[in-house]
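In the text below, chain A, chain B and the rest are named by the order of the sequence lines, each starting its count at 1.
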Amino acid sequence: MTCEVTFMIIRIENIADYVDQTITMQGWIYAKTGKGKLHFIQLRDGTGIAQCVVFQKEVSEEVFDVTQQLTQESSVLLTGTVRKDERAPGVPGGYEVGVTDIQVIQSVNEYPITPKEHGVEFLLDRRHLWIRSSRQWAILRIRACIMRSIREWLDENGFLEMTTPVITPAAVEGTSTLFEIDYFDKTAYLCQTGQLYNEANIAAFGKVYAFGPTFRAEKSKTRRHLTEFWMVEPEIAYCDLGQLLEIEEQFVSHIVQSCLKKCSAELALLGRDISMLSNIKPPFPRITYDNAIERLIDLKNETDDPEQKSLIDIEWGDDFGAPHETALTQMFDKPVFITHYPTQVKAFYMPVLENRPEVCCSADLLAPEGYGEIIGGSERIHDHDTLVNRIKEHNLPIETYDWYLDLRKYGSVPHSGFGLGIERTVSWICGIEHIRETSPYPRMINRDNP
RNA sequence: UCCUCGGUAGCUCAAUUGGCAGAGCGAUCGGCUGUUAACCGAUUGGUUACAGGUUCAAGUCCUGUCCGAGGAGCCA
């Protein structure tokens with residue numbers, strides 16, 4: 001198979017730079033519609049979608065013949081002249097190509113995903129093809145932008161990326177939510193967090209972050225859960241809760257503003273309401289857990305709907321469920337920090353407030369529009385004996401915390417950190433319903449393929 | 001693990017009280033010079049998830065199994 005090219009190859013995202021020039025694009029037929037002697041082709045090349053127009057009288061008989069035979073997802077080299085035309089759809093759109101030549105690399109028979117409706121199961125079974133569809137393409141481009149802007153902000157603000165192991169030797173907490181693997185006849189587990197290693201790394205590097213996949217064997221079947229998801233976990237030495245929240249709001253704002261700047265075409269394709277994102281700038285509102293409970297109880301008393309009443313029913317000491325998070329986030333038009341959760345619902349390493357041991361120095365960040373928790377963070381206990389007591393109180397195997405406790409013997413300092421879930425953040429920024437569309441190949445309780 | 005709903009053509013779905021298995025889309029063929037999920041005409045399409053039962057007759061009713069969806073629980 002030859003790929004003879006006689007004109008300049010361009011990427012569709014740069015099409016506006018080539019008006020009145022004859023160019024070649026390397027891509028796939030996304031859609032085609034014919035009107036007798038006039039055919040419209042939507043060509044994808046990975047960077048965008050361009051409308052290409054074939055007039056019978058402007059091309060050879062052979063090329064028009066080829067045009068009529070083109071099928072969805074056939075791979076082609078397409079040559080023509082770029083022109084501005086406001087009628088032209090596509091991404092970026094507004095430009096189209098008057099075709100002069102088409103070279104088919106492979107002609108496709110019966111591509112399974114048509115431009116019509118399909119069910120979720122059908123599409124997920126064909127995820128390797130579904131990612132070519134414009135909506136999925138846009139979501140995954142935004143995901144990449146989010147990941148890029150995360151590294152951008154952290155790298156520019158003095159954080160060092162430091163990887164943490166995926167294979168870990170012992171359960172930090174109960175084994176029920178860990179994936180077990182056979183590690184040379186010993187049991188090992190896939191990581192749930194890199195945090196403990198981050199806490200070692202800050203003593204070497206000051207400010208660090210881990211960025212990678214994490215695994216939860218929870219049998220959760222909701223629109224917010226995956227069994228494999230990506231998390232970025234920054235950790236900062238000499239940092240208290242107040243300083244941590246300032247870092248978080250700048251960090252999250254940078255991510256959102258980067259997407260608005262670099263992915264406006266993708267957000268438009270998804271039909272995302274940009275006004276809900278453009279005001280995401282520091283400062284974010286902060287309320288205490290106590291106050292959140294008061295607000296939920298008030299809301300419950302104000303509502304007449306008995307179903308809603310029981311959904312948001314809550315007592316001090318309970319952790320929030322999805323309906324509570326949704327109700328709370330709808331009270332604000334920015335992400336909101338909920339601080340000082342009850343000690344009993346949070347992790348063993350979070351320090352308690354000096355005069356109120358029933359609450360701890362923790363904060364979650366809830367995304368607006370009902371999207372809920374995207375960040376969990378806290379100060380970490382830095383006193384050796386306090387930490388030992390808490391490990392014992394939680395009935396955790398103290399011997400597995402040897403090296404972790406070492407960190408409290410050799411130059412322990414106050415420190416804090418947080419973890420941001422990538423897929424939940426993508427859901428929020430893209431404004432989509434279900435987290436499964438935010439991962440290229442989502443892993444869920446009943447799905448490990450493709 | 002629990003609750004609710006579902007599984008019928010390649011896809012999305014319909015099928016009245018238990019009474020001939022249907023439509024749209026796709027695909028194929030033909031027509032059309034501005035389409036945006038084009039449109040018009042024709043052709044093509046079935047182990048009704050699986051196993052058993054009731055009945056003159058089951059997509060429909062009963063029992064069991066499998067698979068999926070939404071939600072709950074769970075979720076540092």
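- With respect to the salt-bridge test (charged N to carboxylate O, under 4.0 angstrom), the residues A:Arg224 and A:Glu423 do not qualify.
- When atom types are taken as modelled, the side chain of A:Ser412 and the backbone of A:Lys409 share no donor-acceptor pair closer than 3.5 angstrom.
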For nucleotides 38-44 of chain B, tabulate all protein N/O to nucleotide N/O atom pairs closer than 3.5 Å, reporting atom names and distance.
residue	atom	partner	partner atom	Å
B:A38	N7	A:Thr33	OG1	3.3
B:A38	N6	A:Gly34	O	3.0

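- Annotation: of the two residues near RNA chain B, A:Arg436 and A:Gln42, the 5′-most nearest-nucleotide partner is A:Gln42.
- When distances are taken from the side chain of A:Glu121 to each of B:A72, B:C32, B:G68, the shortest belongs to B:G68.
- Of all nucleotides listed (B:G73, B:C32, B:C11), B:G73 comes nearest to the side chain of A:Lys219.
- Side chain of A:Arg223, nearest nucleotide from B:U35, B:G70, B:U33: B:G70.
- Comparing atom distances between the A:Lys57 side chain and each of B:A76, B:U33, B:C74 picks out B:U33 as nearest.
- Annotation: A:Glu399, atom CD; neighbour count of heavy atoms from other residues, nucleotides and ligands within 6.0 Å is above 12.
- Listed nucleotides: B:G70, B:U33, B:C74. Nearest to the side chain of A:His225: B:C74.
- A cation-pi geometry, defined here as NZ or CZ lying under 6.0 Å from the six-membered ring centre and within 45° of its normal, holds between A:Arg126 and A:Phe122.
- For A:Thr114, the side-chain atoms get nearest to B:G26 when compared with the rest of B:U33, B:A76, B:G26.
- When each of B:C75, B:G73, B:G34 is scored by its nearest atom to the side-chain atoms of A:Gln51, the top-ranked nucleotide is B:G34.
- Nearest nucleotide to the side chain of A:Phe122, out of B:C74, B:U35, B:C11: B:C11.
- Judged by a 6.0 Å distance limit and a 45° cone about the ring axis, A:Arg286 is not positioned over the six-membered ring of A:Phe284.
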5'-to-3' dot-bracket of RNA chain B (Watson-Crick, G-U; under 3.5 angstrom; crossing pairs as [ ]; | other strand):
(((((((..((((.....[..))))((((((.......))))))....(((((..]....))))))))))))....
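- Side-chain atoms of A:Pro323 lie closest to B:A72 of the nucleotides B:G34, B:A72, B:C32.
- The backbone N or O of A:Ile12 sits less than 3.5 Å from a side-chain atom of A:Asp45, completing a donor-acceptor pair.
- The pair A:Arg132-A:Glu73 meets the salt-bridge criterion, with a side-chain N (NZ, NE, NH1 or NH2) lying under 4.0 Å from an Asp/Glu carboxylate O.
- A:Tyr95 contributes no side-chain N or O that, together with a main-chain N or O of A:Tyr18, makes up a donor-acceptor pair within less than 3.5 Å.
- Of the listed nucleotides (B:A72, B:U33, B:G68), B:A72 has the atom at the smallest distance from the side chain of A:Arg224.
- Atom CD of A:Glu393 has more than 12 neighbouring heavy atoms from other residues, nucleotides or ligands inside a 6.0 Å radius.
- Using a 4.0 Å heavy-atom criterion, one finds that A:Arg216 contacts the sugar-phosphate atoms exclusively.
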